[in-house]
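Below, chain A is the first sequence line, B the second, and so on; all start at residue 1. Since the structure is predicted, the reported quantities are computational estimates derived from the model, not experimental observations.
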Amino acid sequence: MSTATKDVKREELESVVIRFAGDSGDGMQLTGSQFTSATAMMGNDLATFPDFPAEIRAPAGTTYGVSGFQIHFADHDILTPGDAPDVLVAMNPAALKVNLPTLKKGGLLIVNTDAFTKNNLKKAGYESNPLEDDSLAPYRLLALEITRMTRAAVTEFNLGAKAADRSKNMWTLGLMFWLFGRDRQPTVDWLKKKFAKKPEIAEANIAALNAGHIYGETAELPSTVGVYQVPSADLPPGTYRNIDGNQATAWGLVAGAQLAGLPLFYGSYPITPASSLLHNLAKLKHLGVVTFQAEDEIAAVCAAIGASFGGSVGVTGTSGPGVALKGEAIGLAIATELPLVICDVQRGGPSTGLPTKTEQSDLFQAVYGRNGDAPLVVLAAATPGDCFYMAIEAVRLATKYMTPVMLLTDGYIANGAEPWPIPDVSKLEPFPVKFHEGPSEGFQPFLRRDDGTHARVWVKPGTPGLEHRIGGLEKAADSGNISYDPDNHHAMTKLRAEKVRGVADDVPAASLDQGEAGGELLVVGWGSTYGSIKQAVERVRKGGRKVAHLHLRNIWPLPNGLKELLEGFDQVMVPEMNDGQLARLLRGELLVDAVPFSKIAGQPFRISELVTEIERRLGDAAPRESSPEVRA
Amino acid sequence: MSTATKDVKREELESVVIRFAGDSGDGMQLTGSQFTSATAMMGNDLATFPDFPAEIRAPAGTTYGVSGFQIHFADHDILTPGDAPDVLVAMNPAALKVNLPTLKKGGLLIVNTDAFTKNNLKKAGYESNPLEDDSLAPYRLLALEITRMTRAAVTEFNLGAKAADRSKNMWTLGLMFWLFGRDRQPTVDWLKKKFAKKPEIAEANIAALNAGHIYGETAELPSTVGVYQVPSADLPPGTYRNIDGNQATAWGLVAGAQLAGLPLFYGSYPITPASSLLHNLAKLKHLGVVTFQAEDEIAAVCAAIGASFGGSVGVTGTSGPGVALKGEAIGLAIATELPLVICDVQRGGPSTGLPTKTEQSDLFQAVYGRNGDAPLVVLAAATPGDCFYMAIEAVRLATKYMTPVMLLTDGYIANGAEPWPIPDVSKLEPFPVKFHEGPSEGFQPFLRRDDGTHARVWVKPGTPGLEHRIGGLEKAADSGNISYDPDNHHAMTKLRAEKVRGVADDVPAASLDQGEAGGELLVVGWGSTYGSIKQAVERVRKGGRKVAHLHLRNIWPLPNGLKELLEGFDQVMVPEMNDGQLARLLRGELLVDAVPFSKIAGQPFRISELVTEIERRLGDAAPRESSPEVRA
Amino acid sequence: MTENPRKLTRKDFASDQEVRWCPGCGDYAILAAIQRTLPKLGATTENTVFVSGIGCSSRFPYYMNTYGFHTIHGRAPTFATGLKITRPELDVWVITGDGDGLSIGGNHLLHVLRRNVNLQIILFNNQIYGLTKGQYSPTSDVGQVSPSTPLGSIDQPVVPVRVALGANAKFVARGYDVSKKLPELLEQAHAFPGAALVEVLQNCPVFNDGVFDLITDRKKGPQHQLWVEHGKPMITADGKKGLRLDPKTMQLELVELGEGGVSEDELFVHDETNRSIAWMLSDLPEVKALGVLYREPDAPVYDDGVRAQVEMAQEKAGGSDLAALLRSGHTWEV
Amino acid sequence: MTENPRKLTRKDFASDQEVRWCPGCGDYAILAAIQRTLPKLGATTENTVFVSGIGCSSRFPYYMNTYGFHTIHGRAPTFATGLKITRPELDVWVITGDGDGLSIGGNHLLHVLRRNVNLQIILFNNQIYGLTKGQYSPTSDVGQVSPSTPLGSIDQPVVPVRVALGANAKFVARGYDVSKKLPELLEQAHAFPGAALVEVLQNCPVFNDGVFDLITDRKKGPQHQLWVEHGKPMITADGKKGLRLDPKTMQLELVELGEGGVSEDELFVHDETNRSIAWMLSDLPEVKALGVLYREPDAPVYDDGVRAQVEMAQEKAGGSDLAALLRSGHTWEV
Ligand SMILES: Cc1ncc(C[n+]2csc(CCOP(=O)(O)OP(=O)(O)O)c2C)c(N)n1
Ligand SMILES: Cc1ncc(C[n+]2csc(CCOP(=O)(O)OP(=O)(O)O)c2C)c(N)n1
Ligand code: SF4
Ligand code: SF4
Ligand SMILES: [Mg+2]
Ligand SMILES: [Mg+2]
C-alpha cells in the first residue's frame, strides 16, 4: 500500500490552524495527535492545544461533551496553537455549535452529516438543521457522510456497527492527510502496534484511513475546497520530537536529578492537569525514579521532604488546590532548609474551579501562600519544551540553596505539544551535590556552606558522627538547637529571605525577549502566554511602534536589573490569565506602574486580542496612569 | 481582716511597669493577673503582657522555663505593657538572668534569695551568685527570703513543704499590693472561691498574702525602696472590666451572631495561641453557642462552612499553620459565596516557628494564600478590647457580603489584657440577616441581592421550593449551574473581586489616628502594634515634628482615600512584626513608597525603638528613597 | 412543611440536570435506588440534603432535586457534620467514593463514624479513581495496572467496612450497585439513628470494568453473595453453601449444604449487634458478605449530645444573656 | 559503618539536650526503654532515625543521639515513608501521640499501616492533648472534662489498636510506659519486617493523671492486665482470671481460675496470626490485653516492593539512559 500522495498542485500557506472537534467518544484527541505527529515529521513548526470536556464523560451529543484538538503549523517559528482556525472538522452538531464561532469567515468546514440527526441537533440545542438553513453560508462547507463511508470501508472486517463507527475518526484523518499532504505511514505503523493483539481492528482502522485519503484524492470536491501544503518551517537543524509540557517537566526532573548526581523521588496525588506528571514518571522506574501515589497531597509533599532529608531530590507535583493543602509542609521545608521541588500545573480557580481549563492564578499562592515569613524560589516555564529546562533549573536551585522551589506551569503547556529539538544530554552542565561528611567536631546541622549561598550543609542520615535533629521550631543560627531568642529569630527570618533573594545573582539578569530597551510600551509576560505575546509584539512592531517583550522565568526572586528595564518604557503592560497577580507583584516590588491586562477565561490569549489591546494602549498616548484594576 | 492599707506617704508616679518572673511552677501568671485585677479596680489604665515559656514544661530552674508577666499601669491612657520595667520580681536565678537586662537602671529588683541555691544558679548558667557579686549594684535590690517567710506564714495549716511553698507567689503578691496600695480583698475572695473544696489551701494562701503585705508594712525596708501609688487614670466614665484579646474575640463573635439574628457555630482544632478562643466559646453553650473540636483544621473550617450552608454563622479559629491547612476550604466558601469568619491568632513563623511568641506574619497568607483568584475580606484588631468590635464587624461583613472574612489578631493581644469599658449591648447596631424564601419561579442560587453588595441570596436548606445545589466548580452567573463558558468565568472572577472590593464603600474611609493630614512622616500600622506606635508618635510629636499615625483595621480591601492620605506625607513608615508584608501590599496597591520597619523577634515593639527609628528617618530629611528591604 | 403534603414520587427527587456519567456506569443504578427509596421514607425534597466530595460519584447531588453541596475532595463528612449538628431536623446524606472517602478523606470518615453523627454515608466503591481517569485507589487489588502503577500496584488495599469497624462505627452495611436489595439497605441506613455507612460496590465500565463480576454477575454472582440477616444462618444467595465457625481456630469455613454436606443448624448465625461477627464477615476469602453487617442500636448520637449540652446549659443558666456575660466577673466603675 | 564497631550502650543513644517533659511524665520511661533497647538490637546511632509529629511525645527525637526529624502535626508517617523507601538501609522509628496520630494524623497512620512500610511506630497514648494544655483527644473517655469540653466530651473514643486492625495493619501491640515488658515489645516490633504499631499507654500527670491507674498500678494493675502470648491461654497478670469464649454468642467472658473456677484448658488460646482474635482482644471490658495482639509474618513489605519494581525495570531496560529516553518514540531530523 502506497502512502505517497499524488502530485497535485497545492495552495501554499504560511500557516494553517486546524481544529478537530467531536463528541468525547469520537476520538478527536487521537486524531489530533496523529495529525500532529505527521505534521511534525513534515518539518513544520507547530503548536497544539487539546481542549477536553470537563472531567466526566458527558452524555453523547451534548455541547459539554465536545472534545477539541487544535493544531497550528507553519513554515516559520510559531508559538501558539493559533487563534481562529482556518479549518474546522465537526463530527456532530454539538461540535459545530461550540466551535463554529471561532472559525474564520471563509474557512473550511468539514462536517459529518450522518451525525446531524434530529436527536443530536436537539441535544446540541439547534432549533433547525444548520446544514439546511443559511447559517453556514460564510464558510466553505464540506458536508460528508463520514459514518456511512466509514462503514462501507470496513464492512469486510465484520466488526459490528459500533466498532465500525469507531473508525470514522481514521477516515477523517485520512482525508485531512490528503488535504495537507501528510504521510499516512506512521499512523499505519502506530495502528498496527496499538492493536497488535486485535489485528482485525488495526486493519479496519487502516482501511478507514485509506478510504478517507482516497476520497480526498478522487472525490470531486466542490471548487471552494483548496488543497493545502504548508512548506517546512525554517527550524534550526537537529533531531526533533514532539513533547508536551508535563512530559518535558518529568524528563527535566530526571535530568536535573542526574545532573545533581542524586536519586529522584516523586510523591504525588492525582489531580487534573498534573496527573500525567505522575504517569510519565511512573514509567521511568528503569531510570531509578521512585514514584509514590500518596493518600493525599499533604502526604505526597511530606514524603518528598522525607526523601530529601534522606538525600534524594524530593519532588511533588499537583495543581492549585493541592498546593493549598501543601502550604504547611512547604513551610517546614523552608524552616529546615531542605531541597524540594513543587510543580504546580495551574488550572482555573478558585476552589475546584475549572479543572480542565488553564489559568495562571496561583502566582500569589506560590510567592505568598504560607504562614509566617516563608520565602521560596518561584520559577515559571514558558512553553512545553521550556518545561524541561526549567525543571532542571528547579532542581539546581533547590539543591544548591537548600530551599523549596515552586515551578509553575499550567494546563495549557502541560497538555499542549510542540516540536522540540532534543538536547544533547552530555552537554547539560552538571551540578553535583556534595553532602557534608565531617568533621564531627564543631558540627552543627545549620552550619552554612562557605560558597556565598547562605545555604546550610546537607548531611545524609547514615553519616557517622554527624547525627543531628531538625524540625520546624526556630533554631539558633549557630548551633541549630531550638531557640526562642528574639534577636536570633529576627536574624534567621532575614537570613532565610536573603538566601532566597541571593538566587537573583545566580540566574540571568532581566533581559528583553524582543525589542530594544526603552520605548513606548513593554509587555511583561510569564508562563504559557509566551507564544501569544511574542507574536502579538512582533505584529505591532511591524507597524513601527517601539514595543518590546520581556518574559519572566524567575518570578521570585525577580531577576536583577528588572526595575531599570521597566522604568525605561512609557507603559508597562502585563497580560495574564488571572486578575493581575504579576502586575501587583511588580508594582509592590519595583514601584513601577505595571498595568495588568487580564483574561480569566480558562483559555489562552489570542494574538489578536493582545494586538488590539497593545494598540489601544499605544493609541491613547496619554501620560501613564494607574489602571482602575489595581486601585485599592 | 482589714485589707485597707495604712496611710503612708507614697511617691506619685505617672506610670509603672512591673514584671513578675519566676519558674513555670511559681505561679507568676496567676500573680500577675491578680495584680492586674486589683490595679484595674483602682481605676488605673493598664496593659499586660504575659510571656510564657515555650510549649512544654521545662525542667525547674532553667532559663527556658521562666514564665513572665508584665503589667503597665498609669494615671493616663496607656496602650502597651511598657518597655523596660521599673520593678522586677525574680523568684529564682533563671528569672533574674532572663529579665535583668530589661530592668531600668535604678529600678526596683525584688528577689527570692531562698531560690539562689548552687544548683539553681548553675541551671540558670550563673558562674557566681549575682546576689554576692557586684552585678546588681545598678539596681535597688530587695533580697528577701520569700520561701522561708512563706513557710513560716503557713505552718499552722500543716500543708507539707511542697504545698506550703506553692503559696510563695501569694506572699509576693501581698508585698506588691502593699507597695502599690492595692486592695487585697478581691484576691482573698477569689482564693476562697477557687479553693472552696479545699478551704485549708485557701486559708494558707490568704495567710501568705497577708504575711507579704504585713511584711511590707512593718519591715524596715532599705531606704532605696520607695512606696508607690499610681493615681487613677483619667479614663472615660463607665463600667470597666479586664479583658484579653481571645476573650474579646469570642464575645464579639457571640455579639455579632446575635446582631445578625443567627446561631453561632465555632469549629476549631486546638493550637497555640488560638486555643483559648475555643475554650472561651465552649463555656458559652448557655448562649446557644455550638462549639466543635474537630479532628484537624480542615475538618474545623469545613464544619463551619457546613454550618453556614445551614444558616448559622460559621466561624473557625486557628493560628498560622492552621490557616495554611484551611486554604483549600476557604476557596470553596469563596466560590460558593457563603459567609465564614476565620480568626487567625498569629504566632511566630514560618512552620511551627515560635508557637508562644507573637508575630504579624500571616498578612500575605490572609490576603493571597489560596489557589486561584480568591479574594476575601481581611480585618485586623488593634487591641484586646478592639477584638470585640472587629469580631462583630467580621460577622457583619461575612453575612452581608456572603464572603469569608479573615480576622487577624496575634498572640500579643490574644493573651494580653486591658481594662475595657463594657459596651451597652442594646446600643450595638443590629444587622439582621434575611434569608431568601421565594418565589420559587425563576429562583437561582446565585441570584444577586438587589442591595448593591453583589452578594448572592442566602437560602436555608429546608425552604420549600428553593431546593438547589452548590459547589466549587465555576457556575453560570445567571443560573448557578456548572459552567465552563470562558466569558462567564472571566465575569465571575471579576464579580467576586468586585464584591469584596465593594466592602471599602461600607467601612470607614482611611483616617488618621493621630496628627494632621500632610506632613513629614506617616507611621502606618496595623494590629497589635497600635499601642506602641501611638505612644511613639505622641512622643515624637511633642518634639514638634509633623508626624502622624494611621492604623489600618481594614487590610483587604484597603479603605477608601488611603492613597491620597499617604501621598500627603514625605515619608511613609510601616512598622510591622514581620518582614515588611503590609508595606509591600501598600506599595503594590497604591504605588506609594511605603518603607517597612521590621521587628521579627516574637516580641512587641518597644516605644523607644520606634521613637529612635522615626527620629532617624526624620533626621536625614533627604528626598524619599526606596528602602533596600523591598528592592527586588 | 405544607399541611397536606402531596405524595412524592421518584421523579420529584430528580433534578433537571442531565446525568453526566459514562454510559453503563454503576452510579446510575445507585442514583435510581436512592431516588426510588426517598419517597418511601416520607422524605421531602426541601428537608433532604446531599453532601459530597469530589469524584464521579460525588457529582451525585446535582441529580437530586433536594438541597445539595458538592464540596471539596475528601471532606464531605466534615461539612455534613457542621450542617447536621446545627440543623438536626434536616436529613443529611453523604456521598463519597473509595478515593474520596478512603484516600484523602479517610480520617474524616473515621471521625464522623466514631462520633456517630446522624448521617447516611454512601461510599461508592469502584476500586479506582474514576474522575481523574483511572489511577488505582486504596481499595484496588494488589497488582492493579493503572496510569500511576504501570507495573501494577503494590499497596495492599483496605476493606471499607473493616475501616469502619476499626473506627467503632455503629452501623455498617454493604451492597452493590445493581442489587435489588439496595433500596432496602438504604432504608435501614436511614432508619438508623447515627452514622450509617453503606459501602456500595460499583462498576466503572471505563476504568475498572468487571472488578465485581464475580459477585454481581446475574448467573454466577449468587454463589459468592452472602446476604446476612440478623438471627439467620449464613447461607450464600444460591442456597448451596454456608459459613461455619471453628471456635478453636477462630476460622470461618465455607461448607456445602444439603445432602452429603452439613445442615443449616451447624452454620454460623448472624448477630448484627456483635461487632466481632461483623469483623469476621468483613473480608471473607470466597464470598462477599452483604447486608447489614453491624448495627449498635442504642449508641448515643453525636448531634443529640451537642443539643443536649446546649439545652442543659441554657436551662441551668436561666435567663443569662450577652449583657450579663460582659458584666460577669470583676467589674468596676470609673 | 566502622569495621570494628564499639559496643554501644544506652548512654550513646542519649543526646546532649536536656529532657523537657514535666516531672513524672510517662514519656521519660518510654525514652529510657527505647534508649535501653537500641543497643540490644545492634543499632548504630548513625543508621537510626526518629521521625515525629508535634506534641509532647513528639519532642522525643531531640533526646536521641541519632538522626531525627521533628516534623509537623500528624504527618510523621508520611515523612518516614518517603525516607524509608528511598533509604531502606536506615532503621526508621516513628513517634506519635494520640492526638498527632489519631486526630489530625489518623489517615496517614491508616495508610502507612495498610501499605506495610517497614517502620516501628510508637504511639504514646495519654488520652489527652498534652502540648496544647489539656484538651480531650480521640482516645479520651466520654465525659472527659477539658478546656474545650467544660461539660464533658460527647465524642466516643477510638481504640488505637482497633483502628490499626481496621487498617489491615500487620503488627499490632500494646504496652504501657512503666512496664518492664516494654523493651521486649519494642524488640519484637523492631524485628518485624513491615509497619509495626506499638500503642503505649502513657501517663500525663499534668492533664490526665492516673487515667491508666487501673491497669498500671503496681498493686491492683496485674488483675487488669492480660499479657497475651502466642499459643498460650489468656490469663491475667495476677494469675487469677482468664478469658473464655462462648462460640455461640461470640462473646469473651472473664472467668475465675483455680478451685471452684474453670481450668486453664478451657481458656481461649492466643493465636497472634489470627486477626479475628486480635480484634476480639482489642477492647475488652474489664481487662486490657497487652503484648503482641497480631502479627502477620509473611506480609509483603512496601519498601521492598518499591525497590523490586525499580530493579526489575532496570534489568528489563538494560542500559537505557536519559539520552535514550529523550529519543524514544517518533523523532525526525531538520
Ligand atoms: C485536593 C484535591 N486533590 C485531588 C483532586 C483530584 N481528584 C478528584 S476526584 C479524585 C479521586 C476520585 O476517586 P473516587 O473518590 O474513587 O471517585 P470516583 O471518581 O471513582 O467515583 C481525585 C484524585 C481534587 N479534586 N482535589
Ligand atoms: C497544624 C497544627 N495544628 C495544631 C497544632 C497544635 N498542636 C500541637 S500538638 C497537639 C496535640 C498534641 O496531642 P498528642 O498528639 O496527644 O501529644 P501529647 O502532647 O499528648 O504527647 C496540637 C493540637 C499544631 N502544632 N499544628
Ligand atoms: S469514569 Fe467510571 S465511575 Fe466515572 S462516570 Fe465513567 S464509568 Fe462511572
Ligand atoms: S503535659 Fe503531660 S504529656 Fe506533656 S510533658 Fe507534661 S506530663 Fe508529659
Ligand atoms: Mg472510585
Ligand atoms: Mg496525647
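- Comparing B/Val425, B/Ile470, B/Leu466 by heavy-atom pairs within less than 4.5 Å of chain C, the highest count is held by B/Ile470.
- Contact of C/Ser52 with chain B is not made at all, since no heavy-atom distance falls under 4.5 Å.
- A heavy-atom distance below 4.5 Å is found between the side chains of B/Arg241 and C/Ser328.
- Between B/Phe309 and C/Phe69, the two ring planes are tilted [angle within 30° to 60°].
- Looking at heavy atoms from C-beta onward, C/Arg75 lies out of side-chain contact with B/Leu332 at the 4.5 angstrom threshold.
- For the 3.5 Å distance criterion, the side chains of B/Glu467 and C/Thr66 fail to qualify, holding no donor opposite an acceptor.
- In the displayed structure, C/Lys40 atom NZ is contacted under 6.0 Å by more than 12 heavy atoms of other residues, nucleotides or ligands.
- With contacts defined as side-chain heavy-atom distances shorter than 4.5 Å, the pair B/Arg469/C/Met64 does not qualify.
- The shortest distance between side-chain heavy atoms of C/Thr78 and B/Ile298 does not fall below 4.5 Å.
- For the pair C/Arg115 and B/Glu295, the salt-bridge criterion is met [side-chain N within less than 4.0 Å of a carboxylate O].
- Contact annotation for C/Gln17: only side-chain heavy atoms (C-beta onward) come within less than 4.5 Å of a heavy atom of chain B.
- Looking at B/Pro236 and C/Val334, their side chains never come closer than 4.5 Å, going by heavy atoms from C-beta outward.
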### Query
C/Tyr67 and B/His468: side chain to side chain contact (heavy atoms under 4.5 Å, CB included), yes or no, with the steps?
CA-CA 5 Å; C/Tyr67 284 91; B/His468 66 273; 3.5 Å; yes

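- The minimum heavy-atom distance between C/Leu322 and B/Leu287, with the atom names listed, is N-CD2, 4.0 Å.
- Counting only distance, with no hydrogens or angles, the side chain of C/Trp332 and the backbone of B/Thr239 share no donor-acceptor pair below 3.5 Å.
- For the set B/Ala299, B/Ala303, B/Pro461, the count of heavy-atom pairs under 4.5 angstrom toward chain C peaks at B/Pro461.
- Within residues 300-307 of chain C, the residues approaching chain B closer than 4.5 Å by heavy atoms are, in numerical order, C/Tyr302, C/Val306.
- Side-chain contact between C/Tyr62 and B/Leu473 is present, with heavy atoms from C-beta onward closer than 4.5 Å.
- For chain B, the nearby part of C/Leu90 is the side chain; its heavy atoms alone come within less than 4.5 Å.
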